[in-house]
Amino acid sequence: MSAEKTAISPTRAQDFPEWYQQVIKAADLAENSETRGCMVIKPWGYGIWELIQQQLDRRFKATGHQNAYFPLLIPLSYLEKEAEHAEGFATECAVVTHHRLEAHKDPVTGKTKMIPAGELAEPYVIRPTSETIIGAAFARWIESYRDLPLLINQWANVMRWEMRPRLFLRTAEFLWQEGHTAHETREEALEETRMIHVQYEEFLRDHLAIPVIAGEKTENERFPGADMTLTVEAMVQDRKAIQAGTSHYLGQNFSKAQNISFAGRDGTVQHAHTTSWGVSTRLIGTLIMAHSDDDGLILPPRVATQQIVIIPITPKEDSRQAVLDACQALASTLRNQTYAGDPIRVHVDARDLGGGVKKWEWIKKGVPIRIEIGPRDIETRKVCVQRRDQALAAKEFCDKEDFIQRASDLLDEIHRSLLDKAIAFRDASIAACESLDDFHAHWSSENPGWLYTPWAGSPEQEEALSKQHKITIRCLPIPTADLPGALPTGPGNCILTGAATEVRALWGRSY
RNA sequence: CGGGGCGUAGCGCAGUCUGGUAGCGCGCUUCGUUCGGGACGAAGAGGCCGUGGGUUCGAAUCCCGCCGCCCCGACCA
């Protein structure tokens, strides 16, 4: 066995972007489709999304939200109502201009061509996000303060005509949830925005094993039309940042533009305060880049399509059926156990293939626990346990009954080990600096990580520095942000202007 | 939208300069030997060489148009 051989080539160190593509391919998560910029999400990848959906959805319901569904196509005029919002999305909107096709037969070649016909008087935009069309519904639905708060979420696809698509991280069409809420007061809406922000932070940490820095976006980086944008920023293994989830306080910008108004407690007509918030299939890209290694995907247990895969080892024909039966029996027993509130997901790989082939396939697919059972194990009442988060050669033969008892704890242990590893990596990759010279010097290295600095510059000054080093302010961490302990806190002097400031900014390169 | 590269079997590629009508590796199918492990042997299936036109006795190969994809940049709530 050659120690250097990795299942994925190139390795992370050799070519990180290509490694990422290869991990997706090897794990059979998704592929590029015939449609430009769009992906086909394959069962192993879609299973992850379904789990993310289920688990987030429970959190949304538990915090009082209801699901609904709004149209894919938005009348163009809706997008013209809020100027800043419209401009923010203008360059990436797909537009539907016709509603019929007519078949034309080429007299020479005999081939049939379908020609768009029936031009629409008013074009539709394929939703890049649904603030406008949901806002229009809210305007109809809300009459009195008694109708508030209105707490709606939709699971949907959206389309943004991106210049450079990348599987999961940035595709033209992607799946997401978008929450839209309307409130009586600014304070309530801000509270909602912050509450969801915390939900996202917890979800990333407790379900995806990804530590995030929670913070606020600067004016430059805000959602078009928002008064405040909160973000959770994740670091992946090339030390770049990924904006993993955002929640926006939209003030009265949309309610005034779309007339979402209500009769207040004092009898006056008032405009609602609205919010919107979302996470997308980008979370899958984030978790791939955060956890996987040179042998492929590593799935955090809670969102693993299968959590335990049992591989029957059948060296002799006469014991073959006994081994298969034992595997199925163990699977049934394990499925009656729960982990994190859900039945454990167990798969028996009974395909007629070599054991090694199967083993490598599940390694590349990132299954948290692999179990092997052979004739010898049946006699000794043991199972061979292998963990995806540990070295490939690491095996533990445990008593079968013990394993059944411990399975849930073991999954939890794997979650924690992934989280701890990600925290250690992130914390080691965030530096602090107080001077402009140090700031400039920081960005010369290949994978510079993030930089935490006192900041009091203007939006123009922020943009200039960002352009110079191809970085952005990822966020201004909020007081409760889970920052590495070693970082300085409290007042400092802005690295650019020298002005005394309480504000500290987190800078980094991003996806 | 600028700059570069590429479209040949499911995947990865050679063949293109120097036209003579398609090959390699992996994968797939069957059989056999193996197998607590990504094994090996034999046989086999699979391609109008992106597309439309042109040159030629003859085009994957030369010429022109079109389409698509990838990388770098610009852009990216």
Side-chain angles (χ1 to χ4, degrees), chain A residues 1-2 5-9 15 17-18 21-22 25-26 28 31-38 79 82 84-93 106 108-109 111 127-132 158-167 169-172 174 176 178 217-226 228-231 242-248 250 276-280 282 295-296 311-317 319-320 323 349 352-364 370-378 380 382-384 386 392-393 395 397 466-467 470 472 510-511:
Chain A
M1 183 199 281
S2 61
K5 188 157 160 53
T6 57
I8 301 296
S9 169
D15 184 348
E18 182 60 24
Q21 308 268 49
Q22 293 303 323
K25 197 172 171 183
D28 210 25
E31 62 189 17
N32 278 313
S33 75
E34 313 298 304
T35 312
R36 200 206 83 101
C38 295
L79 228 62
E82 217 288 340
E84 202 188 325
H85 182 70
E87 268 180 48
F89 285 103
T91 59
E92 47 191 276
C93 285
D106 188 309
V108 182
T109 64
K111 284 185 181 171
R127 63 184 163 213
T129 177
S130 304
E131 272 73 10
T132 57
V158 289
M159 176 159 274
R160 299 177 189 181
W161 211 261
E162 299 289 353
M163 288 298 156
R164 273 184 68 183
R166 229 152 147 15
L167 285 174
L169 288 178
R170 184 177 299 109
T171 45
F174 57 90
W176 77 343
E178 48 180 325
K217 287 288 186 189
T218 61
E219 190 185 325
N220 289 4
E221 300 290 322
R222 245 178 236 158
F223 178 77
M228 176 183 81
T229 289
L230 298 178
T231 178
I242 297 183
Q243 177 179 304
T246 48
S247 62
H248 317 288
L250 304 174
S276 69
W277 29 275
V279 297
S280 71
R282 174 177 257 204
D295 289 315
I311 303 176
I313 305 295
T314 53
K316 292 174 204 131
E317 198 49 45
S319 57
R320 183 184 163 80
V323 169
D349 187 354
D352 181 25
L353 285 174
V357 176
K358 289 197 264 193
K359 171 180 160 174
W360 279 102
E361 185 175 319
W362 295 115
I363 289 170
K364 289 185 281 193
R370 300 187 305 279
I371 297 290
E372 294 175 1
I373 299 180
R376 232 182 287 152
D377 306 312
I378 295 178
T380 56
K382 288 191 182 293
V383 291
C384 174
Q386 296 172 281
L392 280 181
K395 297 183 174 189
F397 286 88
S466 296
K467 283 238 156 80
K470 295 180 179 177
T472 44
S510 74
Y511 278 99

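As the structure is a computational prediction, the values presented were derived from the model and not from experiment. First the proteins, then the strands, lettered A, B, ... as listed; each starts at 1. Hydrogens, waters and symmetry mates play no part in the numbers below; they use all other heavy atoms, side chains included.
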Rounded [atom1] spacing from [N] to [M] in Å:
| N | M | atom1 | result |
| --- | --- | --- | --- |
| C48(B) | U21(B) | C1' | 11 Å |
| C71(B) | C35(B) | C1' | 43 Å |
| A9(B) | G54(B) | P | 26 Å |
| A74(B) | U18(B) | C1' | 42 Å |
| G50(B) | G68(B) | P | 16 Å |
| G65(B) | U30(B) | P | 49 Å |
| G47(B) | G23(B) | P | 13 Å |
| C28(B) | G46(B) | C1' | 9 Å |

Pair assignment for [N], Watson-Crick or G-U wobble, requiring both distances under 3.5 Å:
| N | answer |
| --- | --- |
| G73(B) | C1(B) |
| A14(B) | none |
| G65(B) | U51(B) |
| U33(B) | A39(B) |

Please give, in whole Å, the distance from [N] [atom2] to [X] [atom1]?
| X | N | atom1 | atom2 | answer |
| --- | --- | --- | --- | --- |
| Lys382(A) | G36(B) | NZ | C1' | 16 Å |
| Arg222(A) | C76(B) | CZ | P | 17 Å |
| Lys359(A) | G36(B) | NZ | P | 13 Å |
| Glu162(A) | C76(B) | CD | C1' | 5 Å |
| Arg166(A) | C69(B) | CZ | C1' | 16 Å |
| Leu353(A) | U30(B) | CG | P | 11 Å |
| Asp28(A) | C11(B) | CG | P | 14 Å |
| Trp161(A) | A74(B) | CH2 | C1' | 19 Å |

Among [options], the nucleotide that comes nearest once only the side chain of [X] is considered:
| X | options | result |
| --- | --- | --- |
| Lys25(A) | A74(B), C11(B), C76(B) | C11(B) |
| Pro315(A) | A74(B), C70(B), G36(B) | G36(B) |
| Glu92(A) | C76(B), G36(B), G73(B) | C76(B) |

Review point. Do other residues, nucleotides or ligands put more than 12 heavy atoms under 6.0 Å from Gln21(A) CD?
Key: yes
Do [X] side-chain atoms and [Y] backbone N/O form a donor-acceptor pair below 3.5 Å?
| X | Y | value |
| --- | --- | --- |
| Glu178(A) | Ser130(A) | yes |
| Lys364(A) | Ala7(A) | no |
| Arg282(A) | Ile242(A) | no |

Considering residues at least two apart in sequence or located in another chain, which fulfil the salt bridge (charged side-chain N to carboxylate O under 4.0 Å, His left out) criterion with [X]?
| X | result |
| --- | --- |
| Glu82(A) | none |
| Lys470(A) | none |
| Asp295(A) | none |
| Asp28(A) | Lys42(A) |

At 4.0 Å (heavy atoms only), tell me whether [X] reaches a base, stays on the sugar-phosphate, or touches nothing.
| X | answer |
| --- | --- |
| His85(A) | nothing |
| Gln21(A) | sugar-phosphate |
| Pro375(A) | base |
| Gly88(A) | nothing |
| Lys358(A) | nothing |
| Phe89(A) | base |
| Arg376(A) | base |
| Trp176(A) | base |

Check your understanding: Taking for each residue the nucleotide of RNA chain B with the nearest heavy atom, is it Lys467(A) or Cys384(A) whose nucleotide lies nearer the 5' end?
Key -> Cys384(A)
Study note, to complete from the structure: Judged by nearest nucleotide, the residue sitting upstream toward the 5' end of RNA chain B, Gln243(A) or Lys395(A), is Lys395(A)
Exercise for review: Ignoring backbone atoms, test whether Gln22(A) places a side-chain nitrogen or oxygen under 4.0 Å from the OP1 or OP2 oxygen of C11(B).
Suggested key: no
Check your understanding: Under the ring-ring contact (aromatic ring centres under 6.0 Å, His included) test, which residues partner His85(A), sequence neighbours left out?
Key -> Phe89(A), Phe223(A), Phe254(A)
Taking N or O atoms only and anything under 3.5 Å, show me the protein contacts with nucleotides 38-41 of chain B, one pair per line.
residue : atom : partner   : partner atom : Å
G38(B)  : N9   : Trp360(A) : NE1          : 3.2
G38(B)  : N7   : Trp360(A) : NE1          : 2.9
G38(B)  : N2   : Lys364(A) : NZ           : 3.1

Check your understanding: About how many Å separate OG1 of Thr231(A) and NE2 of His248(A), when rounded to the nearest 0.5 Å?
Key -> 9.0 Å
